[in-house]
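If you're wondering where the values come from, they're calculated on a predicted model, not measured in any experiment. Every chain is numbered from 1, with letters handed out A, B, ... down the list of sequences.
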Amino acid sequence: MTQLSSDEAQKIMDALLKAQADLNNLPLTIDRTPEEGEELHRLVLALGDEIDKIGNIAIVATGEELERVVNGLSIATENANGAIETLNNIRKAIKIATALIGLATAIASQQPGPILSAAKSVLNAAEFQVEI
Amino acid sequence: MNLTSIKYQRILSVNILLLISYLLQSCTVNLPAVREFSKATVASSSSFDGLVDDLPKSCFRRASFTLPGDKFLLEPPKFELELTDTYSNRLLGCDKYKVSVLGIVEAQNVLQNYAEALGKLASDDVVTFSTETAALKNALQSIDIDGQNPFNDARVGATMKIAEFIFNIAVKGYRQKKLKDTIEIGNENLYELVDGLNDFAIIYTKILESEKNTVKSYQKNVLKTEIINLNKQIDNLEKMGKRFDSLVGLLEVRRDQLKGEVFEAESSIILVEEKQSGAKDYMMILEKISSTHKQLYESRNDLDSQELIDLIKSYSQELIPLIKNIRHAFIEQS
C-alpha cells in the first residue's frame, strides 16, 4: 500500500483553489439572473469550505490505484479549469462548480473509488470525454 | 597612620578594584555581529504576531460573505433569528483556529527568546526565560488547522530542545562562555522550528487565497450582477415614460448603494492581497534567519570576524523593508 504524499495533497488543494478563482473570471457579459449569481457565489463559498478539509488528506491505496487517483484528479481539475475559462453559459458554470464540490468532498473522504467517480462527474460537467 | 597614608591607601584600593573590574571585562569579547543578529531577529519576530492572529480572522471575514438569507433561519412562531447549520458550522470552524494560534505564537516566542538569548550572551548578560515548557509542548501538539499541524513530532522535539536549553542557561545564570554551545544547539534544532513556521505560513496563504476568491465572487456574482439587473430594469422603466420616475429613483438609490458595496469589496480584496504579500515576506524572513544562522554557526569559532560583521549588517538591512511590509499589512486594519 502507498500513501499520497503531502506535496501531492497540496497540489490538489492548489488546483481546486485555482478552479475557485477561475469561477470568478467568467465575464459579466455572460447572461445571469441575480438568483443565478447568488447560486454561483454560494457554490464558491461551499467549495472553499471543502478545500479547507483536504490539506491533510492521506489517501492510502495500492500503488496502481493511487496513481489512477492522482492522474484522475489532475485530468479532472485541469479540464474543469480549461472549461471554466471558455464558458459561455452560467448554468454550465454552476454545474461544474457543483461537481467540483462533490470532488472536494470525495477527496476529504480519502476513498479512491468515490474520488475517481467524482472526478468523472467533473469531466462530465465540463463536457470532456476523457478516460480516467 | 597619618592622613596622607590613609588617602594613599584609598586611592590604591580604588585602583585595585578598577583593575579587577578591567581584568574581568577583558575575559569577555565584544561580539557586535551576534548582538546585531539578535537585535534584527527579535525585531522581525516581534512583527509576526499580527500575521498569526489573522488566521481565524481571515476565516471569519470569509464566512461574513455568506449570503444574508443563508445566515439565519426565521423560526416561527417566535420569529427569532437562528443561525443556519451551514453558517453555524462555518463560524465554529473559524473559532477552532484560535487554539492553533496559541501554538504558533508559542513557537514564535521560542524563536524570539532564542534570538534574545544570543544577544544577552554576546553582551555577557544573564538570560531570562519565562515560558513553561510543559505548556509549550501541549500548545504545539494542539495545533490543528483543519487536520494539519505544521509541527510534527520532530519539530516539536526540536522546539522543546531549544526552549529547555534556554531555560537551563537562564536558571544557571550562564553568560558569554555558553554562547558557542547555544549556537550549536540552535544549529541542531532551529531549522526544524523555522520549517514549522514556514509550513504554517503556506497553510495561511491558502486560507487567504480562499478568502480573496470569496470576496471576488461576492463582488461579481452578487453585487455587480444585481447592478446589471437594476440597470436593465431602469432602462425598461425609463422607456415606459415619466409615470415610473419615482420607481426609477428608488432603483437608482439601490444601485448606488450596491456600487458603494462594490467599492468596499474592492478595498477588502486589496487588504487581503497586502496580507498575502506580508505572508510571503514572513517566509522570506524565516529563510533569511535560517541561512544567516547557518553562517553564524560556521563562524562560531571566530564570531568577531569582520566578514561575519558585514554579513550580519546586510542581513539586518535586508530585514527592514520586509518587517515594515508585515507591520503595514497586519496593523489593526483587520
Just how far is it from atom CG of Asp235(B) to atom CG of Leu230(B), taken to the nearest 0.5 Å?
->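 With rounding to 0.5 Å, CG (Asp235(B)) is 11.0 Å from CG (Leu230(B)).
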Reported CD-to-CG distance for the pair Glu264(B) and Leu258(B), which is rounded to 0.5 angstrom |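 Glu264(B) atom CD to Leu258(B) atom CG measures 11.0 Å (nearest 0.5 Å).
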Please classify the contact between [X] and chain B as side chain, backbone, both or neither, with a heavy-atom cut-off of under 4.5 Å.
X        : value
Leu45(A) : both
Ile57(A) : neither
Asn25(A) : backbone
Glu36(A) : neither
Ser6(A)  : neither

Hey, is the main chain of Leu26(A) close enough, under 3.5 Å, to the side chain of Lys220(B) for a donor-acceptor pair?
-> yes
Using modelled atom types only, decide if a donor and an acceptor are shared between the side chain of Ser100(B) and the backbone of Asp144(B) within a distance under 3.5 Å.
->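 Yes.
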Quick one: do the Asn213(B) and Gln20(A) side chains pair a donor with an acceptor below 3.5 Å?
->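 Side-chain D/A pair, Asn213(B) to Gln20(A): present.
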Would you say the side chains of Asn325(B) and Ser277(B) form a donor-acceptor pair under 3.5 Å?
-> yes
Note: [X]-[Y] ion pair, threshold 4.0 Å (strictly below):
X         : Y         : result
Glu226(B) : Arg254(B) : yes
Lys53(A)  : Glu50(A)  : yes
Lys18(A)  : Glu209(B) : no
Glu273(B) : Lys212(B) : yes
Lys206(B) : Asp14(A)  : yes

Residues in residues 72-83 of chain A that sit under 4.5 Å from chain B, counting heavy atoms only =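 The list, in residue order, is empty: none.
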So which bits of residues 64-73 of chain B come within less than 4.5 Å of chain A, counting non-hydrogen atoms only?
-> Phe65(B), Thr66(B), Leu67(B), Asp70(B)
Does NZ or CZ of Lys294(B) lie under 6.0 Å from the centre of the six-membered ring of Tyr191(B), at an angle within 45° of the ring axis?
->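 Geometry flag: set, cation within 6.0 Å and 45°.
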Determine the option with the most heavy-atom pairs under 4.5 angstrom with chain B, choosing from Leu40(A), Leu17(A), Val44(A), Thr33(A).
->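 Counting heavy-atom pairs under 4.5 Å, the top option is Leu17(A).
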